[in-house]
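Structure first, commentary second.
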Amino acid sequence: MSQDNLSEQMLIRREKLDKLRQQGIEPYADRYARTHSAEEIHLEFEELNGQEVAVAGRIMAKRGQGKAGFAHLQDFSGQIQVYVKVDNVGEAALDLFNRADLGDIIGVKGTVFKTQKGEVSVRATSISMLSKSLRPLPEKWHGLTNVELRYRQRYLDLIVNPEVRNVFVTRSKIVRSMRGFLEAKGFLEVETPTLHPIAGGAAAKPFQTHHNALDMDLFLRIALELPLKKLIVGGFEKVFEIGRNFRNEGISVKHNPEFTMMELYQAFADYNDIMELTEQMVAHIAQEVLGTMVVEYQGEQVDLAPPWRRLPMLEGIKEYAGVDFAQITSDQEARNVAAAKGLAVEQDASRGKIINGFFEEFVEPHLIQPTFVTGHPVEVSPLAKRNRIKPEYTDRFEAFIVGRELANAFSELNDPIDQRERFEAQAAARAAGDEEAHPVDEDFLNALEFGLPPTGGLGIGIDRLVMLLTDSPSIRDVILFPTMRPRED
RNA sequence: GAGCCAUUAGCUCAGUCGGUAGAGCACCUGACUUUUAAUCAGGGUGUCGUUGGUUCGAGUCCAACAUGGCUCACCA
């Protein structure tokens with residue numbers, strides 16, 4: 001990647017660049033008056049046939065034939081063939097064309113026609129060099145398959161692998177569709193800080209940074225939750241944010257250190273209201289973006305049409321693990337059952353954590369069709385409201401599709417005394433070595449003490465939603481520039 | 001953080017038992033005025049990821065390191 005030790009091909013391209021300049025041709029043009037995209041010429045061929053057009057794009061294929069030649073130009077919309085014949089363009093332009101390389105970006109003016117083989121093309125009358133390419137493109141037939149190169153040089157991936165471009169176009173449509181859905185429901189989009197004095201709102205390790213002028217440590221946010229709930233305290237009734245979260249944890253096919261979440265909060269609603277909103281929203285997005293609510297993910301057919309299955313967590317465990325935690329009341333009993341089932345848990349694990357462990361181990365992988373799992377133990381839900389009837393559980397749900405969590409939601413805990421106690425329990429776990437336990441957030445408690453109305457909240461991992469809707473096996477396939485170690489060479 | 005696998009030309013990949021480094025595309029020279037993975041004739045362009053070790057001799061065997069992928073751990 002360095003400038004030293006250029007390959008033969010790179011040296012030759014630099015020589016070609018110099019020669020263009022010697023001929024008075026600027027190889028990096030300022031602009032080009034393009035009249036049509038490649039796609040427009042194909043779509044509007046009947047009207048454009050015989051008309052003069054100007055197209056521009058990257059040379060992706062080139063077939064010279066002495067005094068004539070063909071090339072395919074690629075722009076964002078697609079590809080268009082150009083036909084260059086000395087009789088039409090003259091010796092100089094033909095020479096420019098013949099010396100052009102794959103990857104060069106050129107402009108071609110000419111008339112639209114159809115070749116003998118029936119391909120819509122542009123018969124060139126003039127050719128302009130717009131940008132000389134100094135590096136050879138990957139191979140035209142196999143493309144770029146080396147995943148390391150694809151992620152590090154995503155621009156190359158986008159040039160030679162058209163389906164990659166589609167994933168990111170779809171990603172944009174998904175986010176746009178989500179915004180449209182929420183705005184139509186009266187939600188207000190807001191932006192809250194990325195730099196937090198303490199990192200709260202989720203169980204995760206944060207990235208730490210430092211502000212020099214204030215001489216204070218700051219954390220990159222791990223969730224959007226707490227500032228958004230402060231806005232509900234402040235009188236906003238429906239807010240959402242689509243923003244980047246940062247978690248200083250492992251990288252996997254499902255995890256990137258920075259990822260995008262949508263969180264929304266609705267005053268006077270509970271988790272049941274949010275459940276309906278969630279299934280409606282996901283179905284709406286699929287219908288609007290893909291034109292169907294039935295999607296295929298890695299060979300599994302998934303029907304996103306509401307209503308989705310509702311499954312209380314304990315019932316799920318009873319069904320798939322054969323253990324009824326309603327009959328198990330103590331931490332010690334729960335640990336014994338975990339040992340009997342071969343589930344590794346920490347020595348001092350609470351019943352609630354073990355229930356969550358059972359769920360993740362035995363139930364999650366079975367939840368292929370969209371499923372709302374409800375009733376999480378209070379120990380693993382420090383920001384969720386307790387269930388009125390069974391206070392050791394919360395009014396919470398997580399949505400699972402193809403065995404993966406897509407959404408997390410609950411009736412927000414708005415009792416400031418209870419919230420303080422939960423934070424203190426988390427702080428104790430933190431003191432005992434749980435790096436991901438929530439710290440006490442006095443500023444948030446202060447807001448709650450002024451009164452948070454009953455509120456339903458929701459978080460959806462945008463990257464995972466995009467994975468589902470684009471049938472992408474890895475989160476790196478839906479993030480343009482996934483986090484990578486730098487290469488030394 | 002752990003285990004397994006991979007790393008050879010610009011790209012996609014072969015490389016046998018340890019004995020002078022190979023193919024296709026791309027590229028270079030030439031031919032060709034409707035081709036489309038254009039064709040024809042000729043040309044191999046390389047720090048075999050890095051550093052050590054074993055050996056008369058290492059792309060090949062061994063070790064460490066680097067980067068990536070997958071699985072696990074952690075998590076969304």
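A note on names: the letters A, B, ... follow the listed sequences, proteins ahead of strands, and every chain is numbered from 1. Remember, it's a predicted structure, so these values are computed and weren't measured experimentally.
Looking at heavy-atom distances under 4.0 Å, A/Asp87 makes contact with a base. Heavy atoms of A/Leu406 sit nowhere under 4.0 angstrom from any nucleic acid atom. Using a 4.0 Å heavy-atom cutoff across all strands shown, A/Leu102 reaches sugar-phosphate atoms only and no base atom. Among the heavy atoms of the strands lying under 4.0 Å from A/Lys85 is at least one base atom, whether or not backbone atoms are also near. In this structure, A/Lys205 reaches neither bases nor backbone, as no heavy-atom distance under 4.0 Å exists between it and the strands shown. In this structure, A/Gly69 reaches neither bases nor backbone, as no heavy-atom distance under 4.0 Å exists between it and the strands shown. Counting any heavy atom pair closer than 4.0 Å across all strands shown, A/Arg63 reaches a base atom.
The shortest distance between the side-chain N/O atoms of A/Lys117 and the OP1/OP2 oxygens of B/U35 is below 4.0 Å. The phosphate of B/A66 has neither OP1 nor OP2 within less than 4.0 Å of any side-chain N or O from A/Arg485. Side-chain N/O atoms of A/Lys62 include none lying less than 4.0 angstrom from OP1 or OP2 on B/C25. At B/C11, none of the side-chain N or O atoms of A/Arg135 fall inside 4.0 Å of OP1 or OP2 (strictly under the cut-off). OP1 or OP2 of B/C70 sits under 4.0 Å from a side-chain N or O of A/Arg476. Taking only side-chain nitrogens and oxygens, A/Lys140 never comes nearer than 4.0 Å to OP1 or OP2 of B/G10.
Evaluation of atom-type donor-acceptor distances gives no pair under 3.5 Å for the side chain of A/Gln65 against the base of B/U33. In this model, a side-chain donor or acceptor of A/Gln9 finds a partner on the base of B/A26 within 3.5 Å. On a pure distance criterion of 3.5 Å, a polar donor-acceptor pair joins the side chain of A/Gln81 and the base of B/U35. In terms of polar N and O atoms assigned as donor or acceptor, the side chain of A/Thr145 never comes within less than 3.5 Å of the base of B/U12 in a complementary pairing.
Shown here, B/U29 forms a base pair with B/A41; the pair counts as Watson-Crick or G-U wobble because both key distances fall under 3.5 Å. Across every strand in view, B/A63 sits in a pair with B/U51 that passes the Watson-Crick or G-U test at under 3.5 angstrom. Using N1 to N3 plus N6-O4 or O6-N4 for Watson-Crick, or N1-O2 and O6-N3 for G-U wobble, each under 3.5 Å, B/U71 pairs with B/A2. Pair assignment for B/U16 gives none, since no Watson-Crick or G-U wobble pairing has each distance under 3.5 Å.
Nearer to the 5' terminus of RNA chain B, by closest-nucleotide assignment, is the contact made by A/Leu144 (compared with the other of A/Leu144 and A/Glu8). The nearest heavy atom of RNA chain B to A/Pro138 and to A/Val86 marks one nucleotide each, and the one closer to the 5' end goes with A/Pro138.
With distances taken from any side-chain atom of A/Tyr151 to the nucleotides B/A76, B/U34, B/G69, the minimum falls on B/G69.
Taking atom CH2 of residue A/Trp141 and atom C1' of nucleotide B/A26, one finds them 15 Å apart after rounding to whole Å. Between the P atom of B/U29 and the CG atom of A/Asn98 lies a distance of 11 Å, rounded to the nearest Å. Here the C1' atom of nucleotide B/A76 and the CE atom of A/Met467 are 11 Å apart, to the nearest Å. Atom P of nucleotide B/G10 and atom CG of A/Leu11 are separated by 12 Å, given to the nearest angstrom.
Comparing the C1' positions of B/C5 and B/U39 gives a spacing of 42 Å, expressed to the nearest Å.
Put simply, A/Phe259 rests on the base of B/A76: the two rings are less than 5.5 Å apart at their centres and nearly parallel, under 30°.
Side-chain polar atoms of A/Tyr265 and A/Glu263 form a donor-acceptor pair below 3.5 angstrom.
Ion pairing between A/Glu148 and A/Arg150 fails under the 4.0 Å rule for side-chain N and carboxylate O.
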